[in-house]
Every structure is written in C-alpha cells, then in structure tokens.
Number of protein chains: 4
Amino acid sequence: MPRKTSPKVRPPASSPRPRRKAPAPRAEQIVAAAFEEFSAHGFAATRLDDVARRAGVAKGTIYLHFKNKEILFQAVVRSLIRPLIEEFGGFARGSEGSAEDLLGQFLSRMYAEVVRSPEVRGILRLLIAESRNFPQVAEIYRREVIEPGLAAFRLVLDKGCASGEFRRTRARDFPQILIAPAIAAVVWMLVVGKRQPLDLDAYFSAHLEFVLRGLKASPRSPEAAGPRSDES
Amino acid sequence: MPRKTSPKVRPPASSPRPRRKAPAPRAEQIVAAAFEEFSAHGFAATRLDDVARRAGVAKGTIYLHFKNKEILFQAVVRSLIRPLIEEFGGFARGSEGSAEDLLGQFLSRMYAEVVRSPEVRGILRLLIAESRNFPQVAEIYRREVIEPGLAAFRLVLDKGCASGEFRRTRARDFPQILIAPAIAAVVWMLVVGKRQPLDLDAYFSAHLEFVLRGLKASPRSPEAAGPRSDES
Amino acid sequence: MPRKTSPKVRPPASSPRPRRKAPAPRAEQIVAAAFEEFSAHGFAATRLDDVARRAGVAKGTIYLHFKNKEILFQAVVRSLIRPLIEEFGGFARGSEGSAEDLLGQFLSRMYAEVVRSPEVRGILRLLIAESRNFPQVAEIYRREVIEPGLAAFRLVLDKGCASGEFRRTRARDFPQILIAPAIAAVVWMLVVGKRQPLDLDAYFSAHLEFVLRGLKASPRSPEAAGPRSDES
Amino acid sequence: MPRKTSPKVRPPASSPRPRRKAPAPRAEQIVAAAFEEFSAHGFAATRLDDVARRAGVAKGTIYLHFKNKEILFQAVVRSLIRPLIEEFGGFARGSEGSAEDLLGQFLSRMYAEVVRSPEVRGILRLLIAESRNFPQVAEIYRREVIEPGLAAFRLVLDKGCASGEFRRTRARDFPQILIAPAIAAVVWMLVVGKRQPLDLDAYFSAHLEFVLRGLKASPRSPEAAGPRSDES
DNA sequence: TATGAATGAGTTTTCATTCAT
DNA sequence: TATGAATGAAAACTCATTCAT
C-alpha cells in the first residue's frame with residue numbers, strides 16, 4: 001500500500017501556514033487534466049482548450065507552466081511513469097518466500113497496478129500511439145520501467161532455478177514471454193475491452209497457472225533442476 | 001504488396017484494358033499512401049497534403065474517392081484488415097497433422113504475417129491508438145479478425161486435448177494467453193524496437209517452447225489428459 | 001502616365017487565354033497590401049488579418065504564398081528595394097554632360113524617386129524601424145542600394161574633379177554628406193511632415209545650390225582643381 | 001534663527017531619508033528599462049515582461065506607476081526628449097565668438113550629444129518608427145526640440161550674415177540642409193552601422209568643412225580661407 | 001506600494017474541404 | 001476524373017492587464 005500516509009498525521013493545524021509546500025498545485029491540476037485528454041484522444045487530437053476547461057484554469061495558464069503542448073505532453077507521460085518506476089524499478093526487495101511465491105507476487109502486482117489501472121492503460125496507449133513521434137519518451141520508459149522490471153523478473157527466475165523450483169527455459173532470456181499475457185490483456189482492454197470485457201480474475205489465474213506449469217520442475221524428477229539441462 | 005492476383009481474373013479479352021474491374025487504381029494508391037502516413041503519425045496528426053504527395057496525386061483527388069478524412073481512414077484500416085481476415089479467419093482448414101504441429105504452424109504464421117510485418121504492426125498501432133475514437137473500426141477488427149482467430153486457435157487446443165496430446169488448462173478459455181507473447185513482441189517493437197531490437201528467431205523459439213511445455217501432457221502420466229480434469 | 005493601360009485597350013477578347021502569364025498575381029496583391037500595413041504600423045503591430053482583408057483574400061491564402069509573417073515581411077522589403085536597386089545601382093550610364101549636370105540629375109532623380117515617393121519613404125521607415133530585428137534585410141539594402149548608389153555618386157565627384165569642375169574635398173570620402181539633405185528630408189516628412197509639410201521644390205533647390213557652391217572650383221582660379229590638392 | 005533659509009529645503013528632520021523629492025525612484029528604473037526595450041524592439045514588439053525583468057521589478061509594479069503600455073511609452077519618450085530640449089532649445093546663450101565658431105560649436109555638440117549617443121539614436125529610431133502611431137509624441141518633439149533647435153541655428157546663420165562672415169544662401173530658409181549630414185549619420189548608424197561603422201571623427205570634419213565652404217563669404221577677405229584663397 | 005500567478009482577448013498558424021478550371 | 005489555389009473554421013500561442021495576497 002504505497003499510499004500517502006494517513007491524512008490525520010498532519011501537524012495540529014494551529015500552524016499559520018495554510019498551504020505549506022504545495023508543489024505547484026496548478027501545474028498538477030493541469031497535468032492531471034491533460035492526461036485525461038491525451039489518453040482519451042492522443043496527442044494531436046487533444047485541444048488545450050479542453051485541457052484548460054477540465055483543469056478549471058484559463059488557457060493561458062497552461063503556458064505559464066508548460067512552454068507548449070509538447071512539453072506538457074512529456075510532463076504528463078513522465079509524471080505517470082514515475083509510479084511505475086517505483087513499482088517495478090524497486091521490486092527487488094520482496095525477496096522473502098519461494099520463487100513461486102515471488103513470481104505470483106510479481107504478477108499479482110502487475111495486474112493490480114498495471115492491467116487493472118485505467119490510468120496506466122492510458123499511459124500504455126499513449127506510449128504505443130506516440131512512441132514514433134516522441135522517441136525520447138519511449139526511451140525513458142524503456143530505461144526506467146521496462147528494463148528494471150525485466151531485470152527484477154529475471155532475478156526471480158534465476159532464484160527459482162538456483163533453488164531447484166524452476167527448470168531452465170529459454171524464456172529466461174525473454175522474460176517478456178512470461179509477462180506477455182498481462183500486456184496482451186492491456187491491449188485487449190484498450191482495443192475491444194468496451195465491447196467484450198475480460199474476466200480479469202479468471203484471466204489472471206489462467207495466466208499464473210500457465211506460467212507456473214511451464215516453469216516448475218517436475219516433482220518426479222528433482223534432478224531436472226540441477227546443472228543438467230532438461231532441454232533437448 | 002503481398003496481394004495475390006486471383007487467377008480467375010481472366011480479362012474479357014475484347015476490351016483493350018487488361019484490368020477488369022480494377023477498383024479505382026488511384027484509390028488504391030491513395031489508400032496505400034494514407035496507410036503509411038496514418039500508421040506513422042496517427043489519425044489526427046496526418047495531413048492529407050502529405051498523403052496526396054506520397055500518393056502522387058493532387059489533394060482534391062482524394063476527395064473524389066473518399067468523402068472525407070475519416071472515411072479514408074476507415075478504408076485504410078479495412079483494406080489492411082482483409083489479409084488478416086483471410087489469414088486467421090480461415091485457419092481451420094489446415095487440419096492435417098498433430099495438434100502440436102498445427103499449433104506450431106499457427107504461431108509460425110502469426111510471426112511471419114503479423115509480428116514480422118511492419119504493415120501489420122502499423123495497423124495494430126493504429127487500432128490501439130484510435131480505437132477510442134473509432135470504435136466501429138475496432139469492432140470490425142474484433143469480429144473479423146480476433147474472434148475467428150481465437151476460435152481457430154481454440155480448435156487446435158481442443159483437438160490436442162481430444163487426442164491426448166495436450167492437457168486441459170484454463171488457458172483453453174483464454175487462448176490469448178498462448179498468443180500473448182506474439183502480441184507483446186509487436187508492442188515491444190512498436191515502442192522500443194528502434195532502440196532495442198528483438199531477436200525474433202530466438203524469441204519465437206522460446207515462445208513455442210514455453211507454450212508446448214505448458215500444454216503438453218506429461219508423457220509419463222497419460223491419464224492426465226483424460227476426461228478427468230487435473231485443474232481444480 | 002504610368003497608369004495601367006486604359007481598360008479599353010485590352011486585346012480583342014478573341015484570344016482564348018484570359019490571363020496569360022500572371023506571375024503569381026495573388027502573391028503580388030498580398031505583398032502590396034502587406035507593404036501598406038507594414039509601413040503604416042511596423043512589423044509587430046501589423047495584423048495579417050488586415051493584410052488579408054486589404055488584399056481581398058482569405059487569411060489562409062497568405063500562408064499559401066509565404067511561410068509566415070516574417071517571410072512575408074522580407075518579401076515586401078525585397079520587392080520594394082528592387083526598383084531602388086535599378087534606380088541607383090545602375091546610375092553609371094548617364095555619363096553624358098558635365099559633372100555638374102550629372103550631379104544635378106542624380107539629386108533630381110533622388111528627390112523624384114525617393115523623397116517624393118510615399119512608398120519609398122515607407123520602406124525607409126521600415127528599414128530604420130526594423131533593421132535591428134531584421135539585420136539580413138538591412139544588409140541587403142546596404143549591399144544592393146546604398147553601396148552602389150554611393151559608388152555612382154563618387155564617380156560623378158571624381159569625374160568633376162578630373163575635369164576641373166569640382167575641387168577635391170573630404171566629402172569625396174563621405175558622399176553621404178552631399179546626399180544627406182535628401183535623407184533628412186525623408187526623415188522630416190516621416191516624423192513631422194504631417195504637421196509641417198516641406199516645400200520640396202524650394203528645399204531641393206536650396207540643397208542643390210548648397211552642394212554646388214561647396215563643390216565648384218572658383219572660376220577665377222582654375223589651377224585650384226589641378227593635380228595639386230589643397231586638401232590635406 | 002534670524003531667518004529661515006530657503007523655506008522649501010528644510011527637511012522634516014524626523015525622517016532619516018536624505019533624498020528630498022526623488023520622483024518615484026522605481027518609476028525611473030522602469031522608464032530606463034522601458035527605453036532600452038522600446039528602442040531595441042519598437043513599441044508593439046516590446047513585452048512589459050521584459051521591461052519588468054530589466055527594471056528588476058514585478059510586472060504588476062509597472063501598472064502602479066503607469067496606467068498602461070502606451071502611457072509608459074510616452075513617459076519614456078518625454079523623459080528622453082527633455083535633455084534634448086535643454087541642449088538645443090536653449091542654445092541661444094552661447095552667443096560669444098564668431099559665427100563660424102558658434103556654428104562649429106553647434107555642430108560639435110550635435111555630434112557629441114546626438115550622433116554619438118546610442119540613447120539619442122534610440123529615441124530617433126523610435127520617433128521615426130512610431131510617429132505614425134503616436135502623433136502627439138512626434139508633435140512634442142517637433143515643438144520642443146526641432147523648432148527651437150532650428151531657430152537657434154538660424155540665429156547663428158543670421159549673425160554670420162550680419163557680420164559679413166557668411167553669405168546669404170537659400171539654406172537660411174532650410175537650416176536642416178546644414179544639419180542634415182548629422183541626421184544622415186544617425187540613420188546610417190541605425191541601419192547599417194553594425195556592419196559598416198562610420199569614422200565619426202573624419203565624418204564630422206568633412207561635414208564641418210563642407211558647411212563652412214558653402215557658407216563662408218570670401219571674395220573680399222582672402223585671408224578668411226586659409227593661406228590661399230580659392231574662393232571667388 | 002509590490003508581487004507574480006492568472007486571465008482571456010487577440011494573433012498567428014494549420015489544414016480539411018471546396019470549387020473553378 | 002483530376003487539379004491545386006483558395007477558403008475559413010479551429011487550434012496553438014502571446015501578452016497586456018488584473019487582482020488576491
């Protein structure tokens with residue numbers, strides 16, 4: 001629960017400073033509104049007029065905080081990538097438990113924080129749609145989210161192999177393959193989700209089952225997980 | 001252009017024009033050019049000026065063939081969906097061989113015709129980017145490509161289960177899960193492929209290995225593939 | 001009467017070509033209208049809306065011919081500099097007559113073509129006002145108009161000195177000094193001409209008288225103009 | 001306390017502020033900054049934002065001292081005209097010396113205070129550029145600077161004619177003609193001075209020589225023009 | 001007085017669409 | 001059919017001016 005600490009913890013309120021830090025509250029409103037619009041219509045089809053209206057500010061105010069539409073767009077994507085960075089960039093910590101448990105946790109969080117989050121799906125839509133027009137943004141995403149995430153996932157796989165829980169597979173080199181069903185779910189929801197919703201609980205469970213079945217060493221051949229390759 | 005000039009198109013021979021019906025050759029040029037532009041920049045950011053230039057026609061000419069930009073867009077997407085429909089909608093035929101072979105063929109064609117095709121990746125980008133703005137188009141795609149494709153894939157799975165090659169898994173209800181790595185590969189290529197290309201041969205092989213490992217019944221426990229479900 | 005030829009003179013109309021050459025007639029309209037506006041209000045205060053209205057075209061039409069306001073401005077100044085270039089760049093020809101005659105002709109034409117021309121005064125206002133913002137334009141003007149003009153004027157002075165008509169003065173190095181009254185007249189007209197018009201005939205005559213008096217060698221001492229310089 | 005020295009000077013003594021009247025020090029900063037900007041970019045292209053930054057005050061502060069941009073502009077021009085008024089409006093005093101000396105002084109001061117002063121050149125640029133948009137300002141300038149200046153200059157000419165130093169010329173009616181080279185020098189510096197600087201010492205000397213040669217009467221006083229008389 | 005964030009009317013610029021040829 | 005200049009509505013962007021603090 002990486003939520004902000006409970007609101008009651010704030011100082012007694014006797015303090016004469018009504019808003020203490022408030023890191024550019026207007027800019028945040030604008031970014032939030034812009035995200036809605038961008039993710040609904042894409043970069044080019046979004047009107048800053050609408051962004052302003054949604055943010056409850058005048059059109060000119062946007063330009064007070066962001067040089068132009070493109071800079072605003074980048075600010076939006078960056079601000080939304082940040083939680084993902086924290087989520088997956090720092091996954092290494094939960095090293096307790098069996099590899100299977102870890103893998104389940106990883107995927108479970110992936111569904112909770114990515115697949116089930118309309119916001120994150122929106123970012124992904126933007127990234128896919130605009131990566132050609134904004135390669136810098138795609139590059140940030142790759143470096144800050146994808147690579148750390150894949151590395152963390154690879155760690156889990158290696159741990160499982162080392163402990164004998166998992167057998168070695170080529171998928172170790174392409175962890176994407178094990179995560180792919182989550183990506184596919186996002187794509188599905190983005191493209192046809194409105195018409196044909198996905199039962200995410202069942203889908204997740206099928207995903208997990210399949211991944212584990214593909215990974216787990218056969219109980220009867222414990223030696224399979226040893227240095228000997230069980231791949232022909 | 002992997003269009004197959006249908007052999008039945010015998011020209012009337014009386015007419016000096018070899019092309020019989022030739023649905024507006026100019027229109028096809030325009031659609032081809034429009035696809036390039038749309039898939040590079042998205043719907044809103046595409047200028048008909050550029051489409052016209054690329055097609056080698058005047059701007060006004062576009063309007064002789066397409067009522068407006070939106071109609072042109074739909075024509076583009078439809079024209080590009082057609083090969084996919086033929087590819088996956090009618091996959092049922094190749095029913096020869098073991099289920100494993102069929103599955104391999106299916107995935108193999110998926111990589112050849114979808115993942116490796118810049119054009120098809122372009123359509124997918126468009127679908128993901130514009131599905132909110134053009135739900136009709138997404139719906140056509142769903143009905144004509146996705147559903148038939150999934151149905152065909154399900155057939156293969158069922159055949160494998162029936163023959164005892166595969167065991168029953170929850171993935172039967174979500175064939176997406178088995179295809180997902182191909183989808184994920186497309187997304188990868190769209191977003192970060194320029195910076196970090198994917199070794200598609202190795203990826204495909206890992207994908208196939210993983211799917212088969214997850215599906216195949218253990219040779220030692222033939223009963224696993226029986227009517228009895230080994231999944232709770 | 002350099003007016004457009006009387007409307008009745010138009011060809012018999014039997015010719016099937018209504019407008020033959022018409023070198024971008026719209027662009028010329030626009031440049032003409034833009035000149036009016038720019039010279040009345042300066043670059044920044046001119047609205048392209050007004051230019052369009054004055055030219056009788058739609059606002060977008062301007063952008064069909066000129067990339068943006070700045071390019072239009074440069075086109076305006078260049079198009080208006082051209083007649084000046086022809087006028088003063090090629091002054092060398094009128095080499096007939098005494099140096100005094102030539103000088104009189106030069107100045108006379110300067111008044112007729114520059115001082116008395118509201119258009120040219122307008123250009124000068126623009127050049128002075130905007131030379132800091134558009135140094136390229138000022139540079140063209142310097143190279144194509146000022147330098148050739150000064151060179152031509154210097155030729156006249158040298159001819160007069162060689163023939164003994166004029167004596168050598170330091171003004172030979174600064175022909176500007178002899179032309180200056182015309183420049184000052186333009187400035188006068190630009191700044192206070194509305195309130196206090198200048199009697200240009202009398203002014204010109206005083207200018208000419210003064211220049212000749214300053215230049216002409218004393219009739220009694222013809223040797224003064226000889227090879228012996230009385231200027232240090 | 002027999003007598004109170006000048007009644008207005010006595011400071012309240014209670015206030016520790018030494019500056020007596022100090023007409024809004026902030027306003028002066030603003031006017032100074034505004035002059036820089038106006039003279040660099042003209043009225044319309046000047047941003048009050050830049051003026052404020054240059055003056056080291058907040059944008060709103062400008063409005064505490066000047067109703068709006070136009071009023072500020074007029075304040076700028078007026079404040080800069082004042083020194084000119086004092087300079088040329090009151091030139092009559094220096095009536096000592098020969099007319100030639102006076103004329104030399106006049107021109108010399110003109111070069112020192114006008115031609116060589118970037119600030120004054122800046123005002124002239126503004127006057128020329130904006131006189132159409134701000135006729136009141138041009139009118140003030142005409143009344144307060146030009147007319148008194150010309151009158152003073154005329155006085156010198158008349159004095160020279162009366163004493164027999166100068167002969168009468170038509171230039172008496174257009175003293176502008178004799179001052180014109182200084183005006184032309186300013187224009188030169190404004191338009192092409194960056195690319196092609198003017199040797200002001202030599203230019204001034206040529207100017208003075210030419211004016212004197214045109215003015216001085218010499219038939220009867222051969223000694224007037226140096227050792228040898230080349231004037232008839 | 002002083003501040004500077006916010007405003008919104010006013011401009012520039014773009015581009016889908018039309019239409020005379 | 002084909003052209004491409006012209007259009008004008010719509011969008012991005014600017015900046016003088018205001019106002020709560």
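These numbers come from a predicted model, not from an experiment.
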In chain order, what residues pass the salt bridge (charged side-chain N to carboxylate O under 4.0 Å, His left out) check against Arg47(B), with sequence neighbours excluded? Asp50(B)

Can you list everything that forms a salt bridge (charged side-chain N to carboxylate O under 4.0 Å, His left out) with Glu139(A)? Sequence neighbours excluded, please.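 By the salt bridge (charged side-chain N to carboxylate O under 4.0 Å, His left out) rule, Glu139(A) matches Arg142(A), Arg143(A), Arg195(B).
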
Just how far, in rounded Å, is [atom2] of [N] from [atom1] of [X]?
X        : N       : atom1 : atom2 : result
Leu72(C) : dT11(E) : CG    : P     : 17 Å
His65(C) : dT13(E) : NE2   : C1'   : 16 Å
Ile30(C) : dT13(E) : CD1   : P     : 14 Å
Arg26(A) : dA20(F) : CZ    : P     : 13 Å
Arg53(C) : dT12(E) : CZ    : P     : 11 Å
Ile62(A) : dG8(E)  : CD1   : P     : 13 Å
Glu28(B) : dT1(F)  : CD    : P     : 14 Å

Polar atom pairs (N or O), protein with nucleotides 14-17 of chain F, under 3.5 Å:
residue, atom, partner, partner atom, Å
dA16(F), OP1, Thr46(D), O, 3.1
dA16(F), OP1, Lys69(D), NZ, 3.2
dA16(F), OP2, Leu48(D), N, 2.9
dT17(F), OP2, Tyr63(D), OH, 2.9
dT17(F), OP2, Lys69(D), N, 3.0
dT17(F), O5', Tyr63(D), OH, 3.4
dT17(F), O4, Lys59(D), NZ, 3.0

Residues which pass side-chain hydrogen bond (donor to acceptor under 3.5 Å, both in side chains) with Glu37(B), listed by chain and number, not counting sequence neighbours: His41(B), Arg54(B)

When the C1' atoms of dT1(E) and dT21(F) are considered, how many whole Å apart are they?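 Nearest-Å result for dT1(E) against dT21(F) at atom C1': 13 Å.
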
Any residue meeting side chain to side chain contact (heavy atoms under 4.5 Å, CB included) with [X], in chain and number order, not counting sequence neighbours:
X         : answer
Ala34(D)  : Phe38(D), Val51(D), Leu72(D), Val76(D)
Glu119(C) : Phe35(C), Ser117(C)
Ala40(B)  : Arg132(A)

Would you write out the dot-bracket form of DNA chain E, 5' to 3', with Watson-Crick and G-U pairs under 3.5 Å, [ ] for crossing pairs, | for pairs to other strands and . for unpaired bases? .||||||||||||||||||||

I need the minimum non-hydrogen distance between Ala75(B) and Phe66(B), along with the two atoms involved. CB-CE2, 3.7 Å

Show the nearest heavy-atom pair for residues Glu130(B) and Ala44(B), with the distance to one decimal. OE2-N, 4.4 Å

Mind listing the side-chain donor-acceptor pairs of residues 55-63 of chain C below 3.5 Å, one per line with the distance, residues two or more places apart or on another chain?
residue, atom, partner, partner atom, Å
Thr61(C), OG1, Ala58(C), O, 3.3

